[in-house]
Amino acid sequence: MVAFSWVLFPCAVVVAGITAIRWFLRRRQTYWLRHGIPAARNPHLLYGNVAGLAATHHTVTILQALYREFRDRQLPAGGFNLYFSPLLLIIDRALIERVLVKDFAQFQDRGLYASANANPLSSETLFSLAGERWHRMRQQLGPAFGAGSVRTMFPTTVRIAQTLAVYIGAQSKRRDLEWTDLMARYTTDVIGSCAFGIDCRTIRDPGTEFRAMGYRAFRCSRRRMWKLRFGYGFRRVADALQLCVSEPCVETFFLQLCRSTVLHRESYQLVKRDFLQQLLAMKATERLDMTQVAGQCYSFFIAGFETSASLMSFCLYELAKNGTVQERLRAAIVAALDETDGQLSYDMVMSLGYLDQVVNETLRMYPPVDFLFRVASTDYPVDHFGTIPRGTVLVVPVHALHHDAEYYPDPEVYDPERFAGAPKSRNVRDGAPFMPFGSGPRHCIGATVGLMLVKVGLVAMLRSFRFSLDVDRTPEKVTFKPRSLVLAPNSGMYLNVARV
């Protein structure tokens, strides 16, 4: 009888455990029903409404389907489950404006988890900071990303863009040159020079340690994604475990790099006109400590190099497909260069109207970060809908909004003329959402820097080269890499290059 009891006890524990897990999952999947908020239908017990996410589908595909379902049901927002985590997808333009701008105080945090002990740099980035710490850091860093500061980065960007053009000229006959990677190497060199004050040289040598660490920082493994979800959902447990959501070797590399660069400058009293120098001025007045200086340099690099590379890649892709647009843009660039005797200037590049149209249309079709998210700090009532519970993660589907025919007729057609002339003459509906850099007080602080380095790179390439699609290796219709934090083509990008 005793032996029989010893057999039954572990079986009972297993059954109880399975029952408890099923109860927990079932309760999570009925979260929206219990709160009286309309939600996506038939959530899977484990996958929720995102089956295939990161395995076969990018977030773009999942959110587009949910967006269309809620639009068809004429809902201002709708609940869905990211596996067993309940989220709210915002559909209504007015509600989006309230969340991101008008009622920002109630939705100012993103809810990202980063342990100060395990990930000291990630925890100091503007992207992950919350509350008063975010507000204070944002105010301090504002001047470092202003137009005056961006102008000081312009000569460095031009020099690296010229290096890129020389490299393309030397490698133009190669059919194995993958352009998404090449654009990432260009943006790595620019931001590495502007943020850390070092010559990365990754355009010519893609095997540099700097490029490898940048790649690892953006690597989107399933393990990392689960850590991020666990950290958000169980913050206290994650703190107790000192959960590490970013690779320690990556943060150690950037922290040591920043420290050695600062030590060199302070030892030899070197002063450079770059982002790091402005942070050192804040450090000298004790507004920032060394870890915060390194954290902001790390943030500048991580937030900028991959997103800017994505924008440049898709811009070249669409220009290669649309020869008329490419020729018109090249003509505008050549005409502007004739006015400056062939020299690039900040005002000339940033005031090129048709280049701005091309970049904006690319950002509409391929926003590098395809969704925004905020956390409700209080219960938030919405007329004719219900009350959004405190702690809810709200998702704004930027890509889906940019591809809504109600706002942008023929949304799958690449048409820079949408952004030409006065608003009434544009192929854009009144109040159409355009949020490639976010919106409201928490919009991307580095937008001007990113646009500058993208435009300089495009001008440097298009003035000298003509691009067409390598149809044997690059499909006419792009699909997105499922496991990627930013939009990236699933099969790589290969272009034919000819000198003008």
Side-chain angles (χ1 to χ4, degrees), residues 52-61 64 161 164-165 167-191 200 202-208 210-222 224-225 302 304-323 325-326 358-359 361-363 365-370 399 412 414 453-454 457-458 460-462 465-498:
L53 178 65
T56 57
H57 300 305
H58 189 273
T59 51
V60 159
T61 307
Q64 186 97 24
L164 173 65
Y167 180 84
I168 293 172
Q171 306 292 324
S172 60
K173 300 302 180 183
R174 284 177 53 184
R175 294 200 65 213
D176 62 339
L177 187 62
E178 206 282 307
W179 284 78
T180 304
D181 177 67
L182 180 57
M183 294 300 96
R185 284 147 57 189
Y186 162 72
T187 57
T188 295
D189 279 3
V190 173
I191 298 178
C200 303
T202 60
I203 291 175
R204 292 192 176 96
D205 181 9
T208 62
F210 202 100
R211 172 65 182 130
M213 288 299 169
Y215 171 79
R216 293 182 71 166
F218 251 85
R219 188 162 56 186
C220 185
S221 65
R222 288 188 180 182
R224 184 181 183 186
M225 298 306 294
I302 295 302
F305 93 96
E306 197 74 24
T307 52
S308 299
S310 172
L311 171 55
M312 293 184 73
S313 300
F314 284 118
C315 195
L316 287 177
Y317 171 76
E318 286 296 339
L319 291 174
K321 286 174 57 181
N322 297 273
V325 174
Q326 184 182 161
V358 167
V359 169
E361 177 65 350
T362 307
L363 285 169
M365 287 192 72
Y366 308 99
V369 179
D370 61 290
H399 183 276
E412 303 307 319
Y414 187 78
L453 73 90
V454 165
L458 291 173
M461 290 186 288
L462 290 166
F465 304 103
R466 182 173 286 107
F467 299 93
S468 59
L469 208 61
D470 185 343
V471 293
D472 294 330
R473 307 190 68 182
T474 306
E476 280 281 342
K477 183 173 177 57
V478 69
T479 57
F480 303 116
K481 187 182 297 184
R483 199 176 297 173
S484 177
L485 294 176
V486 300
L487 285 190
N490 196 25
S491 57
M493 190 175 297
Y494 300 90
L495 305 175
N496 299 317
V497 183

For [X], check salt bridge (charged side-chain N to carboxylate O under 4.0 Å, His left out) against everything at least two apart and list the hits.
X: Arg483; result: none
X: Glu178; result: none
X: Asp370; result: none

Side chain of Ser308, backbone of Phe305: donor and acceptor closer than 3.5 Å?
->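 No, the answer is negative, given that no donor and acceptor are paired below the 3.5 Å cut-off.
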Side-chain touch [X]/[Y], heavy atoms, less than 4.5 angstrom:
X: His399; Y: Pro367; value: yes
X: Val454; Y: Cys315; value: no
X: Pro489; Y: Thr479; value: no
X: Glu318; Y: Phe314; value: no
X: Glu306; Y: Tyr215; value: no
X: Leu363; Y: Pro368; value: yes
X: Leu458; Y: Val359; value: yes
X: Phe210; Y: Thr188; value: yes

Ionic contact status for Arg211 with Asp189, cut-off 4.0 Å =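 No salt bridge links Asp189 with Arg211.
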Over all atoms of both residues, closest heavy-atom pair of [X] and [Y]:
X: Leu487; Y: Ser310; result: O-OG, 2.8 Å
X: Lys481; Y: Asn490; result: CA-OD1, 3.5 Å
X: Leu469; Y: Lys321; result: CD2-CG, 3.7 Å
X: Arg473; Y: Arg175; result: NH1-O, 2.6 Å

Does the ring centre of Trp179 sit less than 6.0 Å away from the ring centre of Tyr317?
->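 Between Tyr317 and Trp179, the centre distance exceeds or equals 6.0 Å.
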Going by distance alone, is a donor N or O of one side chain under 3.5 Å from an acceptor N or O of the other, for Ser313 and Tyr366?
->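 Judged by distance alone, the side chains do not pair up.
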